[in-house]
Amino acid sequence: MKTPTEPVATPLPGNRAAVLPLIGGPLCLNFTNTAHGRGTEGHTDNLVDYAALVAWSKHADAIAAGEVERLLATGARHPRAAEAVRRRAAELRERLHRCFLALGRGAKPDPRDLDGINQELAAALPHARLTPEAGGLAWSWDDEPALDRVLWPVVRSATQLLTAPELPRVKQCAGRGCSWLFLDTSKNGSRRWCEMEVCGSRAKARAYYARRKAGAHER
Ligand SMILES: [Zn+2]
């Protein structure tokens with residue numbers, strides 16, 4: 001799924017980050033799905049630069065549309081700081097991915113991953129606010145024009161899911177070379193694929209041809 005002709009620094013809307021299917025459920029799982037094919041030759045990271053990170057954040061409703069321009073402008077003025085945030089984002093993403101996989105196996109997450117996630121939590125929390133909303137209060141963020149504000153909602157979503165009773169329903173797609181995560185909300189917990197039309201039908205086609213080949217050998 002690599003598109004090598006894509007200009008790397010193009011902001012909205014030329015980057016694939018802004019069109020990735022949001023099939024994971026919670027924001028933090030969709031965030032882990034900004035890369036795919038972990039551990040395979042097809043490993044692809046769609047967060048190619050800070051603009052791609054902002055584009056995805058807008059696409060996933062992690063930030064308001066009105067924040068995009070300001071973040072891109074600040075990022076353009078401070079390219080090194082913006083790149084540092086992109087690196088932190090990619091690191092956080094992989095830490096979350098490993099953490100969810102470990103917990104899914106019933107294992108403890110790597111303490112280094114937990115430390116890294118906790119560091120991002122500590123960076124995000126001072127910006128958290130409660131604001132009045134119709135019928136009560138809502139969790140929101142202060143207005144600081146920080147480049148890393150794109151990470152705050154992801155961290156919040158991750159801390160929610162990592163401590164939620166539905167954690168065992170976080171699954172990795174069974175598709176070869178996929179590695180996307182999703183929250184299985186099916187009644188009987190039988191979901192296997194990120195998208196049936198993508199990984200599900202590919203696996204079915206592979207199984208079909210394997211059966212045909214096996215049949216040919218028998219003959
Ligand atoms: Zn998949």
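Residues: numbered from 1 along the sequence shown.
- With a 4.5 Å cut-off on side-chain heavy atoms, Val54 and Glu67 do not count as touching.
- For Ser140, the side-chain hydrogen bond (donor to acceptor under 3.5 Å, both in side chains) partners at least two apart in sequence or on another chain are Thr131.
- In this structure, Asp115 has no salt bridge (charged side-chain N to carboxylate O under 4.0 Å, His left out) partners at least two apart in sequence or on a different chain.
- Annotation: side chain of Leu96 is in contact with side chain of Leu92 (closest heavy-atom distance under 4.5 Å).
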Leu53/Phe31 under side-chain contact (heavy atoms from CB on, under 4.5 Å): CA gap, chis, key distance, verdict: CA-CA 10 Å; Leu53 176 59; Phe31 182 66; 4.2 Å; yes
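- With sequence neighbours excluded, the residues satisfying side-chain hydrogen bond (donor to acceptor under 3.5 Å, both in side chains) with Glu94 are Arg38.
- Counting non-hydrogen atoms of neighbouring residues, nucleotides and ligands closer than 6.0 angstrom, the CZ atom of Arg129 exceeds 12 such neighbours.
- Scanning both residues, Ala81 and Leu147, for their nearest heavy atoms gives CB-CD1, 3.7 Å.
- With contacts defined as side-chain heavy-atom distances shorter than 4.5 Å, the pair Asn33/Leu20 does not qualify.
- With hydrogens and angles disregarded, a donor-acceptor distance shorter than 3.5 Å links the side chain of Asn46 to the backbone of Thr34.
- Residues in residues 161-188 take part in no ring pair (Phe, Tyr, Trp, His ring centres under 6.0 Å) pair, two or more places apart or across chains.
- Under the 4.5 Å side-chain criterion, counting only non-hydrogen atoms from C-beta, Arg16 is not in contact with Thr44.
- Taking the side chain as every heavy atom from C-beta outward, Leu183 and Leu161 approach each other to under 4.5 Å.
- Evaluation of the side chain to side chain contact (heavy atoms under 4.5 Å, CB included) rule for Ala60 yields Leu22, Leu27, Trp56 as partners, not counting sequence neighbours.
- Residues satisfying the side chain to side chain contact (heavy atoms under 4.5 Å, CB included) criterion with Glu91, sequence neighbours excluded, are Arg95.
- Arg112 pairs by the salt bridge (charged side-chain N to carboxylate O under 4.0 Å, His left out) definition with Asp110, not counting sequence neighbours.
- Remark: Ala73 engages Arg77 in a side chain to side chain contact (heavy atoms under 4.5 Å, CB included) (not counting sequence neighbours).
- With rounding to the nearest 0.5 angstrom, the CG atom of Asn30 is 8.0 Å from the NE2 atom of His59.
- Linking Ile, Leu, Val, Met, Phe, Trp and Tyr whenever their side-chain heavy atoms come within less than 4.5 Å leaves Leu125 and Leu114 in two separate clusters.
- Sequence neighbours left out, the pairs with a member in residues 71-127 that pass ring pair (Phe, Tyr, Trp, His ring centres under 6.0 Å) are His127-Trp152.
- Smallest separation of non-hydrogen atoms from Ala146 and Leu71: O-CD2, 3.5 Å.
- In this structure the side chain of Ile23 never reaches within 4.5 angstrom of the side chain of Trp193, judged on heavy atoms.
- Of the inter-residue distances, the one linking Cys28 atom SG with Leu162 atom CG reads 6.5 Å to the nearest 0.5 angstrom.
- The two residues Pro109 and Leu103 come nearest to each other via the heavy atoms CD-CD2, 3.8 Å.
- Looking at Asp184, its side chain does come within 3.5 Å of a backbone N or O of Arg191 through a donor-acceptor pair.
- Contacts of Arg98 classified as salt bridge (charged side-chain N to carboxylate O under 4.0 Å, His left out), with partners at least two apart in sequence or in another chain: Asp113.
- In this structure, CD on Glu120 lies 5.5 Å from CG on Leu151, to the nearest 0.5 angstrom.
- Contact between His36 and Gly177 at its shortest, heavy atoms only, is CD2-O, 4.4 Å.
- A pairwise comparison of heavy atoms in Gly24 and Pro26 identifies O-CD, 3.3 Å as the closest pair.
- For Asp61, the salt bridge (charged side-chain N to carboxylate O under 4.0 Å, His left out) test picks out no residue, with sequence neighbours left out.
- Closest heavy-atom contact between Gly189 and Lys171: O-NZ, 2.6 Å.
- Applying the side chain to side chain contact (heavy atoms under 4.5 Å, CB included) rule to Arg156 yields the partners Trp139, Trp141, Gln160; only residues at least two apart in sequence or on another chain are considered.
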side-chain contact (heavy atoms from CB on, under 4.5 Å) between Leu181 and Leu101, worked out: CA-CA 9 Å; Leu181 299 179; Leu101 282 193; 4.0 Å; yes
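- The SG atom of Cys199 sits 11.0 Å away from atom CZ of Arg192, with the distance rounded to the nearest 0.5 Å.
- Panel note: side chain Ser157, backbone Pro153; no donor-acceptor pair is recorded below 3.5 Å.
- Under the 3.5 Å distance criterion, the side-chain polar atoms of Arg86 are matched with a main-chain donor or acceptor of Leu47.
- Using a cut-off of 4.0 Å between Lys/Arg side-chain N and Asp/Glu carboxylate O, Glu144 and Arg149 are scored as not salt-bridged.
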